[in-house]
Amino acid sequence: KLHPKTSSLLLSLFGAMASRSFAYALGFSAVAAAAAAAPGRHAGPRAEEVEAARLGLFPFFVPDISGLQLPLASADGAAKPPKIMPQWSSALIYDGDMMNIPFTDGRGTFLYDRDRSRYRTTYEVKDAYFNPGMLQFRDQVAGADIGDNMTWGRDDDGVCMPWGHDRPYSDLFAWVSLASRAGQKNVGGETCSVWTWYFPSYGLTSEICVGADGLPREMNQTFGAGGKWNGGNYMQFLNFTVGDPGDEAFVASTACATNWPSQPCEDEKVVTMDTYRIWAPPEPLELANRNTGDVLGDLSFVCTQGSGPMYRSKLITYWQVNVSTTFGQYALCNYDGTGNVCGGPPVQLARVGRRSGQMSGKGPRMGQCSPNDDAGSQYSFPGLAQCPPGVVPGSAAGCTWTGAVPVRTIKASCIMEERGLLEACSRDIGHAPFKEAAAVWLAAFATDDPYMGGCPDVPSAESDIVVLV
């Protein structure tokens with residue numbers, strides 16, 4: 001039996017943000033470390049590190065499988081799984097989907113160096129969720145000495161999202177040692193052998209086609225089986241160069257090397273902002289250490305990832321809050337069953353964070369300092385950035401938000417199902433801004449009169465209201 005080392009199930013979204021999470025990388029590490037651990041090793045139990053419920057994914061989803069014991073795939077007489085060539089680089093063709101958001105016609109490069117525990121995926125991919133023809137550039141560098149660094153955008157417009165610095169490196173192809181033979185196929189005019197592996201706890205199916213030379217021609221992975229986290233990716237490798245890609249090929253992106261966390265926005269003023277959050281008890285109704293969105297920003301989540309049955313049973317609260325507009329880099333904030341936490345260094349958590357809806361849209365630096373009138377804005381409210389009572393937010397005060405008041409709380413099922421929000425979403429997708437869905441949303445919170453499109457208030461006992469001032 002084989003114990004896995006801590007594994008990363010790196011959701012390829014955008015390859016997917018969660019947490020909207022993080023999750024959009026470029027391929028799954030797919031319980032990669034499972035195959036790398038020596039028999040008898042045990043990393044110890046740990047909680048799921050990112051629930052990433054508001055992503056947009058994101059992000060990255062890291063399940064707790066540290067106690068899982070997996071049988072070796074090759075019994076006596078069975079074909080033994082192939083060994084992937086240890087060092088190579090190739091061109092990459094990528095397609096994927098995350099939480100019903102498709103990413104197509106990706107083109108880029110893939111670098112792999114098993115001997116030095118590192119790989120890199122760089123590609124540009126089409127994202128038609130908001131508007132046809134939109135492109136996203138993503139770069140992921142993973143290594144034993146650097147963790148996992150994802151960059152969204154090119155050069156000075158890029159945003160660095162470090163990930164996994166506190167976890168062991170997980171090799172992207174380690175799961176292959178657990179795979180079973182499933183025939184052969186032709187990929188790009190070349191015959192290769194197909195190997196599959198299924199991890200039922202997360203509905204993860206992995207398939208790889210490996211040539212006689214030990215080089216993979218393609219890899220397909222799907223996960224979630226229609227649950228809260230679901231999606232898949234397709235990676236085709238071609239035009240190989242065998243050998244060490246070299247250290248220069250793994251240098252950090254401009255954003256990760258010089259601008260992480262991103263510098264705050266320069267236009268400083270204090271505004272009273274409307275924002276929304278989908279949630280459910282036993283989580284208390286608070287804003288500290290939570291992610292939210294404006295109307296379009298929350299719609300970008302609700303119209304895809306947040307449209308499933310588990311979200312329709314939740315509540316949605318409309319908040320007003322006083323905020324300094326010196327927004328910092330968005331932070332992932334998630335409820336862990338006992339309390340909420342935001343991830344990131346103290347300098348990042350000293351400000352309200354902002355990004356464009358689902359990490360898409362046309363704004364530079366992932367929408368941190370732009371109006372985001374196409375995709376909307378999503379926000380993080382770190383508890384460390386909250387002002388004491390009576391203190392005006394601002395750089396001089398050392399805090400950036402205060403006076404959060406929950407204006408109204410309604411049932412998600414009312415707006416999604418009874419008022420027709422999801423039908424409006426289906427017509428708006430691909431035609432941002434989502435004007436029809438926004439009209440339904442605003443009407444639902446404007447009144448409790450159903451004849452005017454309103455939804456009734458949820459009783460305070462049901463929503464467990466806590467007002468922060």
Side-chain angles (χ1 to χ4, degrees), residues 6 8-11 13-14 16-25 45-65 98-99 147-148 150 161-167 202 224 227-231 261 275-293 297-298 300-302 304-306 308 310-311 313-317 319 328-346 348-349 351-355 357-359 366 377-386 401 404 412 464 466 468:
T6 336
S8 24
L9 186 54
L10 197 55
L11 301 187
L13 170 62
F14 302 162
M17 234 191 347
S19 242
R20 274 168 193 211
S21 202
F22 296 21
Y24 306 141
R46 61 188 174 85
E48 185 179 303
E49 293 184 76
V50 174
E51 193 231 350
R54 298 191 63 79
L55 179 31
L57 293 192
F58 185 190
F60 306 103
F61 175 49
V62 185
D64 178 8
I65 61 166
M98 176 66 70
M99 314 307 174
D148 222 319
M150 170 66 74
M161 295 176 283
W163 193 258
H165 288 74
D166 58 345
R167 294 191 303 275
Y202 294 94
K228 176 179 178 180
W229 286 93
N230 64 86
T275 194
Y276 301 83
R277 176 172 172 80
I278 186 168
W279 65 286
E283 176 187 350
L285 182 54
E286 299 176 353
L287 207 57
N289 296 320
R290 281 154 176 83
N291 296 133
T292 70
D298 232 38
S300 71
F301 170 71
V302 170
T304 53
Q305 182 183 351
M310 71 170 299
Y311 285 102
S313 64
K314 292 179 180 287
L315 307 175
I316 305 176
T317 296
W319 291 83
Q329 182 171 334
Y330 181 92
L332 295 178
C333 307
N334 293 287
Y335 185 65
D336 64 5
T338 58
N340 263 60
V341 293
C342 291
Q348 181 178 1
L349 302 184
R351 299 181 184 276
V352 175
R354 180 168 70 171
R355 73 178 186 191
Q358 300 302 79
M359 304 196 295
M366 217 161 65
S377 294
Q378 294 169 341
Y379 301 94
S380 54
F381 287 88
L384 290 176
Q386 184 178 6
W401 68 276
D464 190 22
V466 176
L468 302 181

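Worth knowing before you read on, the calculation uses all heavy atoms, side chains too, and leaves out hydrogens, waters and symmetry mates.
Rounding to the nearest 0.5 angstrom, the gap separating the CE atom in M150 from the CE atom in M359 is 8.0 Å. Between atom CG of residue L285 and atom CH2 of residue W319 there is a gap of 4.0 Å, rounded to the nearest 0.5 Å. One distance of note links CG of L349 with CG of N289; it measures 8.0 Å at 0.5 Å rounding.
No side-chain donor-acceptor contact under 3.5 Å links W401 to the backbone of A288. One N or O on the side chain of N291 and one on the backbone of C333 form a donor-acceptor pair closer than 3.5 Å. A distance-only check finds a donor-acceptor pair linking the side chain of Q378 to the backbone of G297 [under 3.5 Å].
Salt-bridge formation is detected for the pair E283/R277: a Lys NZ or Arg NE/NH1/NH2 atom is positioned less than 4.0 Å from an Asp or Glu carboxylate oxygen.
What you find for I316 and I278 is that their closest heavy atoms are CG1-CG1, 4.0 Å. P382 and C342 make their closest contact through CA-SG, 3.9 Å (heavy atoms, listed as atom of the first residue, atom of the second, distance). Contact detail for Y311 and A412: the closest heavy-atom pair is O-CB, 3.4 Å. Of all heavy-atom pairs between P281 and L315, the closest is CD-CD1, 4.1 Å.
Judged by distance alone, the side chains of Q348 and S380 never bring a donor and an acceptor atom under 3.5 Å apart.
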